[in-house]
Number of protein chains: 2
Amino acid sequence: MKLSRDTLLPRLAAHVLEHGLGGASLRPLAKAAGTSDRMLIYHFGNKETLITELLGHIAAIYSGALDAALGGERAKTRQECAERILAVGSQPAMQAFLVLWWDIVAGAARGVPGYRAAARQMMTQQLEWLERQMPEDDPDPAGGARFLMTAIEGTLMLSAVGHEDTAREGLLAGGLLPS
Amino acid sequence: MKLSRDTLLPRLAAHVLEHGLGGASLRPLAKAAGTSDRMLIYHFGNKETLITELLGHIAAIYSGALDAALGGERAKTRQECAERILAVGSQPAMQAFLVLWWDIVAGAARGVPGYRAAARQMMTQQLEWLERQMPEDDPDPAGGARFLMTAIEGTLMLSAVGHEDTAREGLLAGGLLPS
DNA sequence: CTGTCTATGTAGCGGTTGCTACAAAAGTGC
DNA sequence: GCACTTTTGTAGCAACCGCTACATAGACAG
């Protein structure tokens, strides 16, 4: 069976979404993709560019998932907008993404080559998605989207470390969720 | 020279703050602490409990750093409060903490044993610190602190992935920073 | 059919991983 | 001084790491 990067990447992405980036070493990756470590190096040259390309691919998948989650019409209020994006984030299919996301953020913060670009791309995508969701009559859709974005990302982080209550009460106090 | 856990932990923490948790393996850790991998296992039993105790120690250091950064008097407004905590986060000495922080968040999200507890503890500490900083006349100090907290954490995350502009504009649009 | 280029398998290299077996030194209590 | 416990050094194990050398199989061009 003839395998190329393009056939490999989705399988690699699936494995990484399940097991994380931290312990992603060539032999398990290869096994999950139906090849050998030998062939991964053959196709990608070395592990670093493999990971870089893989992160790019995952960012594209994420973009597609956001589009698929996009309901036809805009939200009526900022509160509804916040609820929608939080609902997207709590879908089971998104959980694997979220767990992987913090790996990517950690890599980006430490300056590991491909990570920052992939993370930036995913955040840009989410920001655009959010802007399209903003209420039509919002006085400042661009700023409002960025404000929501900041609060949502904080909520996700606090939730990741067991402070979902703190985040929820914060959103309530800030008027971003209906009481 | 006789070394115990208590003398070891600060040196281990220094090494981890500089090089991250991801690549923290016994031999480099031991070298940085002036011992051997053999002795690390002797003192801590295995790597997992070493990391767990180390994370607890780092959380305590973080707590102390926050206290040291605490100015005597409270802030006058929520905006000033936000500016203060963002200023603390941008201190050079805090950068290493921040980079390490995302490692911890990633571990917590994936469910690695000691990570979630340490992360929770550090966030609880920061929340208490923030509550003490809230303006005296604030109508809802508890809720306001949680709201600020959520926005601040979102800002830190966006900054980590190269979206500091997005975060800044968001805080401005949300009235959390003076324009 | 033959040469050439691409795709793949097998084996292995030098290095690192967490951890252990064994022994010796260094206290410590009597 | 002697038994005993705590602390430490040396060596090594089996597993894994990224990566490479070498051989081979197949596709395709002439």
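Lettering of chains follows the sequences in order, A, B, ..., and the numbering in each one begins at 1.
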Kindly state each residue pair satisfying salt bridge (charged side-chain N to carboxylate O under 4.0 Å, His left out) with at least one member in residues 48-64 of chain B, sequence neighbours excluded.
B:Arg5-B:Glu53

Nucleotide D:dT7, atom P - distance to CG of B:Leu8 in whole Å
12 Å

Starting from the first five and the last five pairs of the helix from C:dC1-D:dG30 to C:dC30-D:dG1, work out the angle between the resulting helix axes, to 10 degrees.
0°

Pairing of A:Glu136 and A:Lys76 as salt bridge, 4.0 angstrom limit
no

Mind calculating the distance between CG (A:Asp6) and P (C:dA7) to the nearest angstrom?
13 Å

Looking at B:Leu54, B:Leu26, B:Thr52, B:Thr49, which hits side chain to side chain contact (heavy atoms under 4.5 Å, CB included) with B:Phe44?
B:Thr49

Check this one for me: any side-chain N or O of B:His43 less than 4.0 Å away from OP1 or OP2 of D:dT8?
yes

Check this for me: does any side-chain nitrogen of one of A:Arg168 and A:Glu164 sit under 4.0 Å from a carboxylate oxygen of the other?
no

Within the side chain of B:Arg120, is there an N or O that forms a donor-acceptor pair under 3.5 Å with the backbone of A:Gly162?
yes

For A:Thr35 and A:His43, test the side chains for any donor-to-acceptor distance below 3.5 angstrom and give the result as yes or no.
no

To the nearest angstrom, how far is B:Leu40 atom CG from C:dT17 atom P?
12 Å

Report the distance from atom CG of B:Leu29 to atom P of C:dG18, rounded to the nearest whole Å.
8 Å

Side chains of A:Leu156 and A:Trp101: does their closest heavy-atom pair fall under 4.5 Å?
no

Rounded to whole Å, CE of B:Met39 lies from P of C:dT20 at a distance of 15 Å

May I have the distance from B:Leu50 (atom CG) to C:dT17 (atom C1'), rounded to whole angstrom?
15 Å

So A:Ser36, base contact, sugar-phosphate only, or nothing? Heavy-atom distance under 4.0 Å.
sugar-phosphate

Looking only at side chains, do A:Gln126 and A:Tyr62 share a donor and an acceptor under 3.5 Å apart?
yes

Hey, what are the protein-to-nucleotides 18-23 of chain D N/O distances that come in under 3.5 Å?
{"unit_1": "D:dG18", "atom_1": "OP1", "unit_2": "A:Lys47", "atom_2": "NZ", "d": "2.6"}
{"unit_1": "D:dG18", "atom_1": "OP2", "unit_2": "A:Leu26", "atom_2": "N", "d": "2.8"}
{"unit_1": "D:dG18", "atom_1": "N7", "unit_2": "A:Arg27", "atom_2": "NH2", "d": "2.6"}
{"unit_1": "D:dG18", "atom_1": "O6", "unit_2": "A:Arg27", "atom_2": "NH2", "d": "3.0"}
{"unit_1": "D:dC19", "atom_1": "OP2", "unit_2": "A:Lys47", "atom_2": "N", "d": "2.8"}
{"unit_1": "D:dC19", "atom_1": "N4", "unit_2": "A:Asp37", "atom_2": "OD2", "d": "2.7"}
{"unit_1": "D:dA21", "atom_1": "N6", "unit_2": "A:Arg38", "atom_2": "NE", "d": "3.3"}

To the nearest 0.5 Å, what is the distance between CG on A:Asp138 and CZ on A:Arg74?
9.5 Å

